[in-house]
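Contents: one structure, followed by commentary.
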Amino acid sequence: MLRLDVEMLKRMPGEFIRLELQEEISLFELQGRMWHFSAPVKVNLLVSNTGSSIILEGDVSGSLKPTCDRCLEPFNYFFKSPVKESYAHIPNNGEVVSYSGDVIDITPEVIKSIILSLPMKSICSEDCLGLCTKCGCNLNKGRCDCENEDIDPRLSVLQALLKKTNS
Ligand SMILES: [Zn+2]
Ligand SMILES: [Zn+2]
């Protein structure tokens with residue numbers, strides 16, 4: 001959990017602090033899919049006390065280890081996403097999150113920021129060749145002997161090159 005200690009700040013309206021937090025978060029679930037972190041999550045923040053609420057603004061960075069949608073191999077995905085949130089000490093029904101005590105758990109907002117930065121598809125590399133549709137071998141690691149007619153155009157270029165060098 002990413003804990004934001006506001007004990008000092010909440011007694012100083014109009015003041016702000018800069019801080020950097022780092023935390024090991026193991027994973028989060030999104031639409032039935034597990035996203036594992038491969039490094040601690042870092043948060044750079046400017047936290048200010050407006051008098052009525054605590055506002056945080058900054059960015060979140062780190063890396064995840066998703067599985068490639070094409071070749072099914074895990075890979076490192078680096079992210080850096082903005083985070084902005086208001087917290088009111090007094091519960092209210094507005095667009096702010098209420099908190100009590102001296103510590104705010106900002107983990108939900110940090111995860112939300114990461115989720116918003118995720119790509120639609122997770123692909124290990126733009127050049128990923130994926131798996132052979134016939135034998136299932138990982139085409140990034142080597143060529144198989146299958147005769148694939150309806151294959152990725154990038155792969156056919158590669159195959160043409162290989163044919164040239166082999167003949
Ligand atoms: Zn891949
Ligand atoms: Zn094959």
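In listed order, ligands and their atoms are each counted from 1. Residue indices begin at 1 and follow the sequence shown.
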Exercise for the section: Name the orientation class of the two ring planes belonging to Phe79 and Phe37 (parallel below 30°, tilted from 30 to 60°, perpendicular beyond 60°). Expected result: perpendicular

Problem - Validation row: Ser125, Phe75 side chains within 4.5 angstrom (heavy atoms) - result: no

Practice task
Check the surroundings of atom NZ in Lys42: do more than 12 heavy atoms from other residues, nucleotides or ligands lie under 6.0 Å from it?
Solution key: no

Completion exercise
Counting only protein N/O/S atoms, those under 2.8 Å from the Zn ion (ligand 1) total 4

Practice task
Can you establish whether the number of heavy atoms outside Lys84 located under 6.0 Å from its atom NZ is more than 12?
Solution key: no

Exercise for the section: Nearest 10° is fine: what angle sits at the Zn ion (ligand 2) between SG from Cys132 and SG from Cys135? Expected result: 110°

Handout entry: CZ/Arg33: more than 12 non-hydrogen atoms of other groups inside 6.0 Å
Key = yes

Exercise for the section: Would you mind telling me which of Leu2, Ile111, Leu45, Val110 makes a side-chain contact (heavy atoms from CB on, under 4.5 Å) with Val60? Expected result: Val110

